[in-house]
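In what follows, chains are A, B, ... by sequence order, proteins preceding strands, each numbered from 1.
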There are 2 protein chains.
Amino acid sequence: MTKSESWSNSSENRPWQSYNTVYTNAKPGMDGVDKEKVQRVVYEMSKGSKYFENQERKDASIKEKIEYMRSQCANLTPNHLAHFHKIADTRIVELEATRDLSKIWLHVDMDAFFAAVETLCDQSLKGKPMAVGNMSMLSTANYEARKFGVRAAMPGFIARKLCPDLIFVPVDFKKYTHYSNLTREVFQKYDANFMAMSLDEAYLDITNICAERSMTGEQVAQELRETVFNVTGLTCSAGVAANRLLAKVCSDINKPNGQFVLPNERGAVVTFISSLPTRKIGGIGKVTDQILKEVIGISTCGELLQQSSFLYALFSRSSADFFLSVGLGLGETDTPEVGMRKSMSTERTFTATKNEAFLYQKLVDLSESLSTDLKEEGLSGRTLTLKLKTASFEVRTRAVTLPSYICEHEDILKHASKLLKAELPVSLRLMGLRISHFYEESNGAPSDPKQKTLSDFLVRKCSGERDDCFMSDHVLSTNHGTFENHESCGPSEIGLDTQLLGFKWQGNSLNQNRGGKEQVLGCQENNPVEHISDRNGKGRLSLKQHEGSDEVGAGPSTSEKRSFFWMDDFKCSICGVELPQSFLEERQEHSDFHLAERLQEEESCENLKSIVQSQRFTQKDQQRKKHKSSQTGTKHVSIDMFFAKKS
Amino acid sequence: MTKSESWSNSSENRPWQSYNTVYTNAKPGMDGVDKEKVQRVVYEMSKGSKYFENQERKDASIKEKIEYMRSQCANLTPNHLAHFHKIADTRIVELEATRDLSKIWLHVDMDAFFAAVETLCDQSLKGKPMAVGNMSMLSTANYEARKFGVRAAMPGFIARKLCPDLIFVPVDFKKYTHYSNLTREVFQKYDANFMAMSLDEAYLDITNICAERSMTGEQVAQELRETVFNVTGLTCSAGVAANRLLAKVCSDINKPNGQFVLPNERGAVVTFISSLPTRKIGGIGKVTDQILKEVIGISTCGELLQQSSFLYALFSRSSADFFLSVGLGLGETDTPEVGMRKSMSTERTFTATKNEAFLYQKLVDLSESLSTDLKEEGLSGRTLTLKLKTASFEVRTRAVTLPSYICEHEDILKHASKLLKAELPVSLRLMGLRISHFYEESNGAPSDPKQKTLSDFLVRKCSGERDDCFMSDHVLSTNHGTFENHESCGPSEIGLDTQLLGFKWQGNSLNQNRGGKEQVLGCQENNPVEHISDRNGKGRLSLKQHEGSDEVGAGPSTSEKRSFFWMDDFKCSICGVELPQSFLEERQEHSDFHLAERLQEEESCENLKSIVQSQRFTQKDQQRKKHKSSQTGTKHVSIDMFFAKKS
DNA sequence: TCCCACAGC
DNA sequence: TACTGCTGTGGGA
DNA sequence: TTGCAAACC
DNA sequence: TACTGGTTTGCAA
Ligand SMILES: Nc1ncnc2c1ncn2[C@H]1C[C@H](O)[C@@H](COP(=O)(O)OP(=O)(O)OP(=O)(O)O)O1
Ligand SMILES: Nc1ncnc2c1ncn2[C@H]1C[C@H](O)[C@@H](COP(=O)(O)OP(=O)(O)OP(=O)(O)O)O1
Ligand SMILES: [Mg+2]
Ligand SMILES: [Mg+2]
Ligand SMILES: [Mg+2]
Ligand SMILES: [Mg+2]
């Protein structure tokens with residue numbers, strides 16, 4: 001390096017080099033990018049802002065932490081090192097013994113998902129640099145835009161500096177959910193228990209399908225990707241390997257529209273992992289990567305093995321174990337139980353203010369929004385967390401754990417207000433509310449005796465004075481026996497005066513072997529559905545019940561209005577009713593709005609089928625010991641709906 | 001003009017000269033402005049946009065109208081002209097006979113109101129160019145900014161081009177309402193029946209005060225402006241003249257922080273009005289001005305008189321009459337009855353979309369918002385108007401008139417949905433809802449027998465089994481006689497379990513001579529106030545009552561939940577309760593949020609005084625025959641609040 | 001009664 | 001990238 | 001149980 | 001002018 005090079009590289013003259021952007025992991029499609037320029041532009045646009053100052057503070061504290069860990073390293077005696085070396089060696093043997101090369105895992109991830117969907121819906125975007133989001137924040141960018149350094153989590157106004165012709169498309173989750181569902185229908189054919197990790201990616205255990213159809217992982221991946229493309233018009237990438245951790249790494253290698261297969265051979269795995277940058281591993285992010293590099297000098301997974309004694313010296317046992325297993329190329333190979341969600345939250349950013357009336361109103365909005373969401377899944381919880389982000393981007397949380405479970409917006413607001421009040425005065429740019437510690441039904445309990453079935457209801461209704469009750473022309477059978485009174489209920493029209501009274505559905509398995517058994521739900525007599533609408537504009541119709549009506553299903557005594565119900569020991573949300581495309585097409589109608597309207601108002605409909613998109617809850621992903629990732633799966637259940645004239 | 005000048009002035013080379021911006025009336029403070037430059041920048045920033053294209057379309061249609069009117073002019077026979085000349089001459093005599101120089105009117109208008117208030121609240125803004133609003137739209141700009149051509153109704157991003165250092169301050173109506181109320185307290189001292197035309201301006205009939213205090217209009221104006229400044233720290237400008245139309249023109253002449261007095265002498269008035277540009281007259285806007293200029297060649301009010309035959313030939317009788325009276329310097333001199341509001345609306349702009357689920361959700365939001373607002377004033381109406389603005393800025397309205405009066409959001413939504421559905425598919429950038437045709441009580445009816453008074457309630461309460469009812473230590477007297485039971489109700493605490501039960505107030509005149517008489521309201525026993533909060537963040541606490549509770553006052557049978565009450569024949573809103581600063585200061589608390597919190601939750605308070613800011617409804621302003629402008633006046637009524645423990 | 005255009009803050 | 005929200009009036013259909 | 005930081009999409 | 005929103009996890013107090 002010449003003197004002038006040294007001069008020109010000094011961070012005093014190129015200050016942007018020392019600004020740690022979030023955009024550290026090499027996203028696919030960003031190979032030919034002038035990283036120096038991107039870094040400089042990001043720096044220039046950020047410099048001087050509150051955000052920038054906060055980043056600098058955070059950076060300084062990481063540097064401090066690194067310094068501290070370095071000093072710890074320096075103080076290690078040979079004795080210490082020998083001790084940790086022994087621990088590591090022992091652990092390596094133990095871990096190696098758990099190596100399982102018998103499974104074939106496939107990780108599939110859609111390419112530039114939101115952007116690809118938007119392009120599908122507006123072909124004029126094709127080939128042009130485009131991003132999904134707004135001037136404040138991008139959710140993702142297509143590959144044309146990535147050439148300019150534009151990428152997810154980048155504020156739009158910076159992206160525009162990098163790429164002046166960038167087209168901005170606002171987010172529309174409804175679209176993405178729709179295409180996500182299409183992909184999942186494909187995934188399901190290869191692994192009925194596929195683990196959906198987000199709207200655009202999933203893990204599939206293709207061990208069985210490979211055996212059954214005598215196909216290699218490569219062939220399955222190829223076929224699956226083609227099927228996904230044929231069904232959706234979207235490309236995806238896949239990785240195939242002996243465990244999920246490796247499969248995930250592999251799916252990124254030949255992105256976009258590519259795949260990579262890592263053979264189920266120990267040698268191949270070890271070779272592959274050895275030279276792999278640690279940053280590629282799921283669970284090792286920007287900070288951990290920086291620590292590994294700057295404290296121990298580790299930048300590849302192979303070095304995790306070589307430096308394993310330092311790992312046990314510097315990190316917690318479970319973290320060190322995780323790093324070691326990564327170095328060995330190990331990962332989870334089983335399909336874990338589908339877990340229940342653990343928290344639900346909502347948050348909103350606004351221009352920073354200390355105006356307390358404004359902040360209070362925001363809290364009201366958040367409470368109502370969270371309450372609505374909770375009710376849609378029939379949840380209530382006993383710890384409430386208030387999240388605040390100050391005008392200087394400092395994040396704070398304040399929590400209370402209550403004696404009883406809450407889900408009503410009044411209750412949420414009441415406690416949230418107290419939490420906020422204790423923080424005032426303060427200038428905020430974000431507030432959020434989170435509920436956790438959900439009410440959990442006693443495990444494996446028998447079906448709730450309070451459960452009202454549709455037959456209960458219809459018997460009461462139809463044998464009573466009313467003759468304006470009707471239902472679809474399907475014969476109902478419930479787990480209480482076949483229901484036969486329905487013939488006496490003449491067909492009627494769904495109109496303004498229609499109330500939804502109940503469902504029948506033919507469900508397939510959700511987590512047990514209940515597939516095919518018909519299930520019935522009836523709302524209570526005094527609990528008719530008041531209103532059907534796509535309240536959140538997310539394409540899912542939800543049912544609003546009269547306020548003050550009784551619970552349909554069992555629930556915590558503190559929660560009064562609920563919108564879920566119980567079927568044996570399966571908890572089912574009354575919301576999330578989605579009408580199938582076929583129904584819409586039959587009527588030459590294409591929008592949920594029309595549908596909601598019709599249900600509310602005027603159209604007649606005799607044999608109405610719907611899909612209950614039920615919850616599949618979060619699930620442990622032992623990617624990293626005790627590290628969990630969320631999973632949302634989807635199964636379809638066809639249902640009939642029953643109506644009666646309003647009295 | 002030389003050849004080259006002619007060339008360089010051709011609109012082909014200076015296309016911006018032909019772009020008709022909205023910013024046509026010479027705002028005060030914009031004298032030294034390089035209008036050419038402003039016009040060019042506005043043009044450059046707008047050119048090519050959907051907005052621009054729409055403006056061009058509108059402009060073309062005005063040009064067309066002007067062409068048509070010109071042809072009408074050209075076709076006038078001498079006979080015709082003689083006919084209209086005679087009509088005009090007769091009318092001039094009639095109008096002249098109505099001239100009234102006996103009154104002294106003062107028009108007062110705050111200087112750069114929103115901006116001035118913001119500067120008062122943040123002194124660091126002083127002296128810097130600043131505007132209130134955001135990148136999309138400015139509400140106003142201070143005088144420093146106006147030097148750059150920045151002004152109200154200009155989009156912020158254009159303003160920033162004109163003035164790169166412009167500081168943007170978001171709107172905060174709560175502040176403006178507060179200072180507006182302070183100014184009105186001053187106005188009231190000079191004319192108890194002052195006509196508030198907006199938050200920042202009012203007409204005062206100072207005839208009496210001038211006589212009583214032997215002051216000239218000039219002296220009153222001076223004193224009033226000084227008082228306003230001393231009370232608020234804000235400057236204002238005033239105009240004094242024989243009628244409101246002239247006073248309003250005068251108030252603008254020496255803006256900012258100035259005043260102008262036009263003597264009550266016919267000669268002075270005629271001289272003044274003759275050379276006055278028509279555009280200065282309230283009611284003659286951009287389009288009318290253009291028509292007068294380009295069709296008849298009129299640009300001053302004097303020319304309105306000279307060309308009066310053409311006015312009667314081209315315009316409707318009432319419009320021509322108006323123009324003529326303007327030419328004579330006539331205007332309204334009486335103080336009209338305070339009228340009822342005629343409509344209430346809400347609208348929202350968003351990024352243009354044809355997504356029907358999104359549009360439907362917007363409609364839901366609008367319905368709820370409008371319903372809330374209606375209930376705050378106890379209104380319901382029978383015509384609902386849906387307003388749409390297409391992606392190309394075309395505005396459409398669609399209305400229904402119903403058999404019954406509505407105010408519930410479900411009802412509004414139901415009908416709004418139908419209106420919208422008939423327009424689909426369409427790409428929209430704005431939707432709005434308006435309710436009009438309000439329910440009007442039978443005029444001059446005796447007080448409603450269903451009216452529940454506080455004494456009714458307290459007698460029932462206090463003589464009953466409960467002893468947890470309390471009230472302030474004022475002796476109550478109602479129009480039913482003095483109430484004396486209150487002593488038996490021991491004081492209690494306002495807490496979580498507190499319900500607001502009623503008011504007592506000492507009201508001054510609202511539109512009749514009721515000042516000083518104490519009035520009492522009691523909520524019905526089954527209609528307690530459930531919740532007090534600043535729901536809209538506008539600094540006004542409003543009271544939410546239990547759903548399904550009975551009406552307090554009379555109302556249309558179709559409307560169930562109301563929040564107004566009747567006092568004799570005066571309709572009074574139960575909302576808009578505002579706690580006075582003194583109360584807050586007593587408690588070392590400064591925010592409405594704290595207050596709302598406290599009322600909801602925990603603070604004790606025995607002698608709670610509040611101000612009911614009651615409605616003063618819209619009122620005809622015969623500025624121009626049949627032309628109306630809105631008026632919202634404010635009177636203060638001190639009230640006590642009564643509480644009881646929740647059972 | 002409906003719809004549009006105009007006007008003002 | 002971005003051109004308001006609210007209310008009232010007049011006039012033609 | 002709380003609060004914060006890290007991680008991922 | 002403008003730096004997200006939803007969920008989970010680890011860890012230390
Ligand atoms: N930081 C983020 N904030 C909000 N949404 C995000 C964020 N990152 C990703 N998403 C959304 C948008 C993405 O299209 C979608 C899937 O994420 P991801 O698979 O990581 O990227 P991608 O599918 O857009 O591109 P690719 O997978 O081809 O790299 O999740
Ligand atoms: N077009 C508009 N849109 C929204 N709000 C407006 C608009 N015009 C004015 N306002 C608000 C902001 C103003 O401060 C307030 C009073 O208006 P106005 O008296 O006309 O101007 P101003 O008080 O800001 O300046 P000045 O009176 O000194 O010319 O009303
Ligand atoms: Mg992806
Ligand atoms: Mg992904
Ligand atoms: Mg003003
Ligand atoms: Mg004004």
query: Under 4.0 angstrom, heavy atoms only, what part of the nucleic acid is A:Lys286 near: base, sugar-phosphate, or nothing?
result: sugar-phosphate
- request: Tell me whether the OP1 or OP2 atom of D:dC6 has a side-chain N or O from B:Lys342 closer than 4.0 Å.
  value: no
- request: Measure from CZ on B:Phe315 to P on C:dA5 and round the result to the nearest Å.
  value: 18 Å
message: If the cut-off is 4.0 Å, is B:Lys248 near the phosphate of C:dC9, judged by side-chain N/O to OP1 or OP2?
response: yes
task: Return no unless some side-chain N or O of A:Arg429 is found under 4.0 Å from OP1 or OP2 of F:dA2.
output: no
query: Phosphate oxygens OP1/OP2 of F:dC11: is one of them under 4.0 Å from a side-chain N or O of A:Ser316?
result: yes
- prompt: A:Ser345: what forms a side chain to side chain donor-acceptor pair (under 3.5 Å) with it, not counting sequence neighbours?
  reply: A:Arg434
- prompt: Does E:dC4 have OP1 or OP2 sitting under 4.0 Å from an N or O in the side chain of A:Thr397?
  reply: yes
query: Could you walk me through whether B:Phe52 and B:Tyr19 pass the ring-ring contact (aromatic ring centres under 6.0 Å, His included) check?
result: CA-CA 9 Å; B:Phe52 181 87; B:Tyr19 176 52; 4.7 Å; yes
statement: On DNA chain D, more 5' by nearest nucleotide between B:Arg317 and B:Arg434 is B:Arg434
query: Pairs counted as Watson-Crick or G-U wobble with both distances under 3.5 Å: what dot-bracket string results for DNA chain F, using | for bases tied to another strand?
result: ||..|||||||||
Minimum-distance nucleotide (side-chain atoms of B:Pro155 versus E:dA7, C:dC2, D:dC3): D:dC3
message: Checking A:Phe157 now: which residues fulfil ring-ring contact (aromatic ring centres under 6.0 Å, His included) with it, not counting sequence neighbours?
response: none
task: Let me know, please, whether B:Asp109 or B:Lys58 comes out on the 5' side of the other along DNA chain C by nearest nucleotide.
output: B:Lys58
statement: Contacts satisfying salt bridge (charged side-chain N to carboxylate O under 4.0 Å, His left out) that involve residues 280-289 of chain B (not counting sequence neighbours) are B:Asp289-B:Lys293
message: With a cut-off of less than 4.0 Å, is there a side-chain N or O of A:Thr140 near OP1 or OP2 of E:dC9?
response: no
- request: Check for a donor-acceptor pair, side chain of B:Ser251 on one end and backbone N or O of B:Lys248 on the other, with a separation under 3.5 Å.
  value: yes
field: Spacing between B:Tyr68 atom OH and D:dG11 atom C1', to the nearest angstrom
entry: 14 Å
message: Base, sugar-phosphate or nothing for B:Asp200? Non-hydrogen atoms, less than 4.0 Å.
response: sugar-phosphate
query: Taking OP1 and OP2 of F:dC3, is either one under 4.0 Å from a side-chain nitrogen or oxygen of A:Ser49?
result: no
- line: With sequence neighbours left out, the residues meeting side chain to side chain donor-acceptor pair (under 3.5 Å) with B:Arg396 are B:Glu394
query: Taking only side-chain nitrogens and oxygens of A:Ser319, does any of them come within less than 4.0 Å of OP1 or OP2 of F:dC11?
result: yes
- prompt: Between B:His107 and B:Thr385, which has a closest nucleotide on DNA chain C that is more 5'?
  reply: B:Thr385
task: Would you mind reading off the distance between B:Phe113 atom CZ and C:dG8 atom C1', rounded to a whole angstrom?
output: 16 Å
Nearest heavy atoms of A:Val150 and A:Cys163, plus distance in Å: CG2-CB, 4.0 Å
field: Those residues of residues 343-351 of chain B lying under 4.0 Å from DNA chain D by at least one heavy atom
entry: B:Ser343, B:Met344, B:Ser345, B:Thr346, B:Glu347, B:Arg348, B:Thr349
task: Whole angstrom is fine here: how far is it from CZ in A:Phe438 over to P in F:dG6?
output: 13 Å
- request: Start with the C-alpha gap between A:Lys389 and A:Phe393, add the side-chain angles, then the distance that decides, and say whether side chain to side chain contact (heavy atoms under 4.5 Å, CB included) holds.
  value: CA-CA 5 Å; A:Lys389 196 184 313 190; A:Phe393 286 83; 3.9 Å; yes
- prompt: With respect to the phosphate group of D:dG11, does any side-chain polar atom (N or O) of B:Ser318 fall under 4.0 Å of OP1 or OP2?
  reply: yes
query: NA contact type, A:Ile62, heavy-atom cut-off 4.0 Å: base, sugar-phosphate, or nothing?
result: sugar-phosphate
- request: Ignoring the backbone of B:Phe157, work out which of D:dA2, D:dG8, F:dC3 is nearest its side chain.
  value: D:dA2
- prompt: Which whole-number value in Å describes the distance from A:Phe393 CZ to E:dC4 P?
  reply: 17 Å
- prompt: Is there a side-chain polar atom (N or O) of A:Lys389 under 4.0 Å from OP1 or OP2 of F:dT4?
  reply: yes
task: Round to a whole Å and report the spacing from CG of B:Leu430 to P of D:dA2.
output: 15 Å
- line: Atom CD of B:Gln55 and atom C1' of C:dA5 are separated, to the nearest Å, by 13 Å
- prompt: Listed by chain and number, what are the side chain to side chain donor-acceptor pair (under 3.5 Å) partners of A:Ser436, not counting sequence neighbours?
  reply: A:Thr383
- line: Across all chains, not counting sequence neighbours, the ring-ring contact (aromatic ring centres under 6.0 Å, His included) partners of B:Tyr176 are B:Phe114, B:Phe173
message: My understanding is that only residues two or more places apart in sequence, or in another chain, count here; which of them pass side chain to side chain donor-acceptor pair (under 3.5 Å) with B:Asn54?
response: none
task: Mind calculating the distance between CG (A:Leu388) and C1' (E:dG3) to the nearest angstrom?
output: 12 Å
